[in-house]
Amino acid sequence: ADLLKTSPVSIHNTPDRLHIRQPRKWAKDHWQKSKQISELVFFNPDVFNFICAHPEEVITGKNII
């Protein structure tokens with residue numbers, strides 16, 4: 001949650017796919033933070049399940065609670 005709250009990143013959870021959207025320049029300039037978010041979303045089962053169960057289709061730092 002803290003990573004999303006301090007990043008211009010959104011996680012899109014649709015019935016067909018789960019993906020992360022982030023501005024290219026931001027991702028390039030903040031590679032470690034971008035990588036950390038990606039690893040948490042896709043390789044941490046607890047985070048992945050939380051995202052999949054989230055009621056919103058687009059998850060950001062504003063609605064991650």
Side-chain angles (χ1 to χ4, degrees):
D2 289 339
L3 286 170
L4 282 183
K5 288 178 183 180
T6 60
S7 306
V9 174
S10 59
I11 302 167
H12 295 247
N13 181 28
T14 68
D16 298 330
R17 122 184 205 204
L18 176 69
H19 65 280
I20 297 172
R21 292 187 124 179
Q22 55 194 341
R24 285 184 191 196
K25 180 167 177 20
W26 180 88
K28 181 182 173 190
D29 293 344
H30 300 90
W31 174 244
Q32 287 299 329
K33 198 173 196 181
S34 172
K35 182 179 171 187
Q36 187 177 9
I37 292 169
S38 181
E39 287 176 350
L40 282 169
V41 170
F42 294 111
F43 297 107
N44 183 307
D46 292 331
V47 174
F48 183 83
N49 290 332
F50 175 81
I51 296 296
C52 288
H54 198 282
E56 298 292 329
E57 187 172 293
V58 179
I59 303 162
T60 67
K62 294 179 181 178
N63 68 358
I64 190 72
I65 301 173

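Because the structure is predicted, anything quoted here is derived from the model rather than measured.
No hydrogens or angles considered: nothing links the side chains of Ser7 and Gln22 as a donor-acceptor pair under 3.5 Å. Using modelled atom types and a 3.5 Å distance limit, the side chains of Thr14 and His12 yield no donor-acceptor pair.
In this structure, Cys52 SG and Ile59 CD1 are separated by 8.5 Å, a value rounded to the nearest 0.5 Å. Atoms CD1 and CD1, on Ile37 and Ile11 in that order, are 7.0 Å from each other to the nearest 0.5 Å. The NZ atom of Lys62 sits 11.5 Å away from atom OG of Ser10, with the distance rounded to the nearest 0.5 Å. Atom CG of residue Leu4 and atom CD1 of residue Ile64 lie 5.0 Å apart, to the nearest 0.5 angstrom. Considering CD1 of Ile20 and CG of Leu40, their distance stands at 9.0 Å, rounded to 0.5 Å.
For Thr6, the side-chain contact (heavy atoms from CB on, under 4.5 Å) partners two or more places apart in sequence, or in a different chain, are Lys33.
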Walk me through whether Phe42 and Val47 qualify under side-chain contact (heavy atoms from CB on, under 4.5 Å). CA-CA 8 Å; Phe42 294 111; Val47 174; over 6 Å; no
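Residues Ser34 and Ala27 approach most closely at OG-CB, 4.1 Å, considering heavy atoms. What you find for His54 and Asn63 is that their closest heavy atoms are NE2-O, 2.7 Å.
Residues Ile51 and Val58 are members of separate hydrophobic clusters, defined by side-chain heavy-atom contacts under 4.5 angstrom among Ile, Leu, Val, Met, Phe, Trp and Tyr. Residues Val41 and Trp31 fall into different hydrophobic clusters, defined by Ile, Leu, Val, Met, Phe, Trp and Tyr side chains chained together at heavy-atom separations under 4.5 Å.
In this structure, His30 and Gln32 have side chains that are not in contact, with every pair of non-hydrogen atoms separated by 4.5 Å or more.
Around atom CG of Asp29, more than 12 heavy atoms belonging to other residues, nucleotides or ligands sit under 6.0 Å away.
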